[in-house]
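Let me begin by presenting the structure, written as C-alpha cells, before commenting on it.
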Amino acid sequence: MIQIHFVTPASGIKIRFIGTIDLGKFYKYIKLYLQDRDFAKETNLEKEYIERVKPNGKQIEAIWECGKIVNDYIKYKIKISYLMVGVNEVEVQKENFKLKLYKGDFQVIIVAYVEEGSEKWDELGVIAKLYKKLIAKQRIEDYKNELYDEILKLSKYIKGFLELRS
C-alpha cells in the first residue's frame with residue numbers, strides 16, 4: 001500500500017508576485033532547475049494548461065507534476081500549480097531592445113510529498129511489513145527532510161527570479 005507523507009502543507013507553499021515578467025523565461029528557469037536536479041524530464045512536466053480570456057486580461061492556469069525515484073521503496077513527488085490573473089502583454093524598452101513581457105498577478109503553489117511503498121513491495125507481504133516497521137519508519141523522516149530542503153531551495157530560486165524577499 002502506497003503512503004503519502006507531505007513535506008509541505010497539503011495546500012502548498014504559495015509564492016505571489018504582482019508585476020511584469022518574461023513568462024517564457026520564467027517557465028524555462030523553473031523547468032531547467034527541476035531538470036538539473038533530476039526531478040523532471042523534457043516531456044513529462046506539464047499535465048494541464050488552461051488559458052481563458054477575461055475582460056481584465058488572460059487567466060492562465062498550469063499544473064506541472066514531476067518526481068524522483070530515490071529507490072524501489074521511496075519516491076519524491078512535486079506538483080507546481082501556476083495561477084495567473086489579469087495577464088496582459090506589454091512592451092518594455094530595455095537598452096536598445098523592445099521586450100514583450102507579461103503584466104499581471106502571478107501565483108505559484110508548490111506541493112511536495114514523499115511516496116512510500118509500491119505494488120512491488122506489497123507483493124512481499126511479511127517482509128514488506130517488517131521492513132516498514134523496523135527500517136523505513138526511521139528513514140522516512142530523513143527523506144522528508146531531504147525533499148523539504150529541495151523545496152526550500154526551489155522556493156528561494158523562484159523568489160530570486162521574481163526578485164522577492166523571503
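Just so you know, these numbers use all the heavy atoms, side chains as well, and skip hydrogens, waters and symmetry mates.
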Quick one: are [X] and [Y] in side-chain contact, heavy atoms under 4.5 Å?
X    : Y    : answer
V7   : H5   : no
R16  : D105 : yes
L83  : Q59  : yes
I110 : L154 : yes

Return yes when atom [atom1] of [X] has more than 12 non-hydrogen atoms of other residues, nucleotides or ligands closer than 6.0 Å, and no otherwise.
X    : atom1 : value
K47  : NZ    : yes
K68  : NZ    : yes
Y148 : OH    : no
K144 : NZ    : yes

Does one hydrophobic cluster hold both [X] and [Y], with members joined at side-chain heavy-atom distances below 4.5 Å?
X    : Y    : answer
I109 : I21  : no
V90  : I60  : no
L34  : Y113 : no
F6   : Y73  : no

Between [atom1] of [X] and [atom2] of [Y], what distance do you get to the nearest 0.5 Å?
X    : Y    : atom1 : atom2 : value
L23  : K100 : CG    : NZ    : 14.0 Å
I18  : L162 : CD1   : CG    : 12.0 Å
L101 : K103 : CG    : NZ    : 11.0 Å
K79  : C66  : NZ    : SG    : 12.0 Å
I140 : Q3   : CD1   : CD    : 8.0 Å
K153 : R37  : NZ    : CZ    : 7.0 Å

**Asked** Are the side chain of Q93 and the backbone of E95 linked by a donor-acceptor contact shorter than 3.5 Å?
**Response** yes

**Message:** For a side-chain contact (heavy atoms from CB on, under 4.5 Å) check, start with the C-alpha distance between I78 and I151, then their side-chain angles and the critical distance, and finish with the verdict.
**Reply:** CA-CA 9 Å; I78 300 173; I151 295 306; 3.7 Å; yes

Is the closest side-chain donor-acceptor distance between [X] and [Y] under 3.5 Å?
X    : Y    : result
Y49  : E51  : yes
Y143 : R139 : no
Y76  : E115 : no
D22  : Y27  : no

Shortest non-hydrogen contact from [X] to [Y]?
X    : Y    : result
E150 : F39  : OE1-CE1, 3.9 Å
T8   : V111 : OG1-CA, 3.4 Å
A40  : Q35  : O-CG, 3.5 Å
I63  : S81  : CG1-OG, 4.1 Å
G57  : N88  : CA-OD1, 3.4 Å

**Request:** Before giving the answer on side-chain contact (heavy atoms from CB on, under 4.5 Å), spell out for L32 and I30 the whole-Å C-alpha distance, their side-chain angles and the decisive distance to 0.1 Å.
**Result:** CA-CA 6 Å; L32 289 174; I30 297 170; over 6 Å; no

**Message:** Walk me through whether L164 and I15 qualify under side-chain contact (heavy atoms from CB on, under 4.5 Å).
**Reply:** CA-CA 9 Å; L164 297 173; I15 301 168; 3.9 Å; yes

**Item:** Residues R52, E61: salt bridge by 4.0 Å N-O rule
**Value:**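 Yes, R52 and E61 are salt-bridged.
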
**Item:** Residue of the set F106, Y102, F17, W64 for which ring pair (Phe, Tyr, Trp, His ring centres under 6.0 Å) holds with Y82
**Value:** W64

**Request:** Go through I4 and V114 one step at a time and tell me if the side-chain contact (heavy atoms from CB on, under 4.5 Å) criterion holds.
**Result:** CA-CA 6 Å; I4 292 174; V114 173; over 6 Å; no

